[in-house]
Amino acid sequence: TRHASEKYGRDVMGVFLQGNAGDISPGGDDVGHPEPEVIQIVGERSWKVMEPAFDSIQTSADVPLDIMSGYVVMTHSALGYTGHDFHDVNVSCDDSSDYFRYGAFQCVDARQKDDDPATVYQDGNLSCVFAVECLTSGHPVPNFMKTHLAVLRIGDLAINTLPGEPVSKLGMTTAARVKAALPWARGSFTLGYSMDHHFYLLTEDDWRQGGYEPSRDIWGWKMGPYFADNSERLAKELAKPKAERAWDNQNLKPMYWDRR
């Protein structure tokens with residue numbers, strides 16, 4: 001913002017928007033500086049990329065703004081699992097089903113890591129620690145059973161939200177699908193850490209590779225693609241005239257905490 005303000009001779013406000021943070025995190029630590037100086041290094045390097053783009057911006061006093069948002073149910077069947085999909089033969093407790101009907105904790109992070117993309121975790125042998133319902137006497141956790149998504153318009157830019165830390169492949173393909181659904185969109189962008197947080201959001205292949213990031217997820221390999229599908233659905237509604245738009249929130253509501 002300092003360089004932009006100096007360039008244009010007036011105060012310029014900077015806004016940081018989190019994108020595909022699941023696997024993109026500029027370190028700026030290659031020169032051994034302490035953390036406050038590292039932040040400055042990232043800013044200086046970013047400005048060299050952004051300055052040429054600033055010169056091409058065409059401002060307007062009439063920028064179209066619009067949004068389509070809605071709640072999305074998250075259940076075993078809604079995500080696309082059938083029968084006993086998403087299970088681990090080595091994980092059970094007295095109150096649990098023989099599949100993860102309400103999700104599971106810390107899967108796919110047990111075996112020794114390797115660099116071979118052909119070695120993937122298979123359903124039934126996911127190395128999960130325990131099912132969600134092992135902690136809840138057979139009940140679901142409400143916040144794991146729903147989320148909130150949105151697609152918004154700022155001029156000819158489409159922004160889709162994702163509730164967590166998307167890896168770049170999921171974020172970029174979701175943004176591309178949203179853009180394709182909106183005739184007016186010339187650009188698109190995935191905004192992570194938005195509206196909710198379901199930890200890391202991955203493609204199926206990334207999830208099955210295992211590791212720290214997928215082990216944080218509750219709902220397995222279908223969660224990230226499910227969010228992408230619903231983002232595209234929202235975009236298709238946003239493309240319609242306002243009077244024709246519809247979204248079924250399925251009576252989902254935010255949690256209400258009563259301290260009494």
Side-chain angles (χ1 to χ4, degrees), residues 18-25 72-149 161-171 174 190 192-230 255 257:
Q18 185 68 268
N20 301 320
D23 57 1
I24 298 177
S25 179
V72 176
V73 67
M74 296 173 64
T75 63
H76 185 268
S77 59
L79 269 73
Y81 296 116
T82 59
H84 293 264
D85 289 350
F86 192 30
H87 72 288
D88 193 325
V89 296
N90 299 308
V91 176
S92 64
C93 62
D94 292 341
D95 297 309
S96 67
S97 171
D98 59 356
Y99 66 96
F100 299 134
R101 58 180 173 178
Y102 302 137
F105 287 102
Q106 290 181 255
C107 301
V108 299
D109 193 30
R111 70 171 180 230
Q112 185 175 353
K113 310 301 187 298
D114 62 57
D115 297 323
D116 184 0
T119 56
V120 297
Y121 279 90
Q122 300 295 330
D123 196 17
N125 187 23
L126 298 175
S127 297
C128 301
V129 175
F130 48 77
V132 167
E133 53 195 298
C134 291
L135 295 181
T136 59
S137 299
H139 300 288
V141 175
N143 277 354
F144 293 160
M145 308 301 292
K146 61 188 175 184
T147 196
H148 199 183
L149 300 174
T161 69
L162 284 179
E165 302 179 52
V167 296
S168 54
K169 185 176 182 180
L170 180 71
T174 303
T190 289
Y193 281 102
S194 303
M195 317 280 275
D196 198 356
H197 198 283
H198 286 274
F199 309 102
Y200 290 94
L201 311 178
L202 302 95
T203 63
E204 177 175 347
D205 180 65
D206 282 337
W207 194 92
R208 288 185 180 274
Q209 292 296 323
Y212 172 80
E213 287 81 4
S215 75
R216 305 300 96 184
D217 291 351
I218 301 299
W219 276 115
W221 64 90
K222 288 186 177 290
M223 184 175 68
Y226 179 69
F227 291 161
D229 291 345
N230 279 280
M255 290 290 290
W257 303 101

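In terms of the ring-ring contact (aromatic ring centres under 6.0 Å, His included) criterion, residue partners of Tyr193 (sequence neighbours excluded) are, by chain and number, His197. Among residues two or more places apart in sequence or in another chain, the ring-ring contact (aromatic ring centres under 6.0 Å, His included) test is passed with Phe86 by Tyr81, Phe100, Trp221. Taking Asn143 as the reference, nothing meets the side chain to side chain donor-acceptor pair (under 3.5 Å) condition, with sequence neighbours excluded. For the side chain to side chain donor-acceptor pair (under 3.5 Å) test, no residue two or more places apart in sequence or in another chain qualifies with Asp205. The side chain to side chain donor-acceptor pair (under 3.5 Å) check on Asp98 picks up His84, with sequence neighbours excluded. Evaluation of the side chain to side chain donor-acceptor pair (under 3.5 Å) rule for Ser168 yields Asp23 as partners, not counting sequence neighbours.
Rounding to the nearest 0.5 Å places CD of Glu165 at 10.0 Å from CG of Leu202. Note that the CG atom of Asp123 and the NE2 atom of His87 stand 5.0 Å from one another [nearest 0.5 Å]. With rounding to the nearest 0.5 angstrom, the CD1 atom of Ile218 is 9.0 Å from the CD atom of Gln106. To the nearest 0.5 Å, atoms CH2 (Trp207) and CD (Glu213) are separated by 13.0 Å.
Scanning all heavy atoms of the two residues, the minimum distance from Ser127 to Asp88 falls at N-OD2, 2.7 Å.
Within 6.0 Å of the NZ atom in Lys169, the count of heavy atoms belonging to other residues, nucleotides or ligands does not exceed 12.
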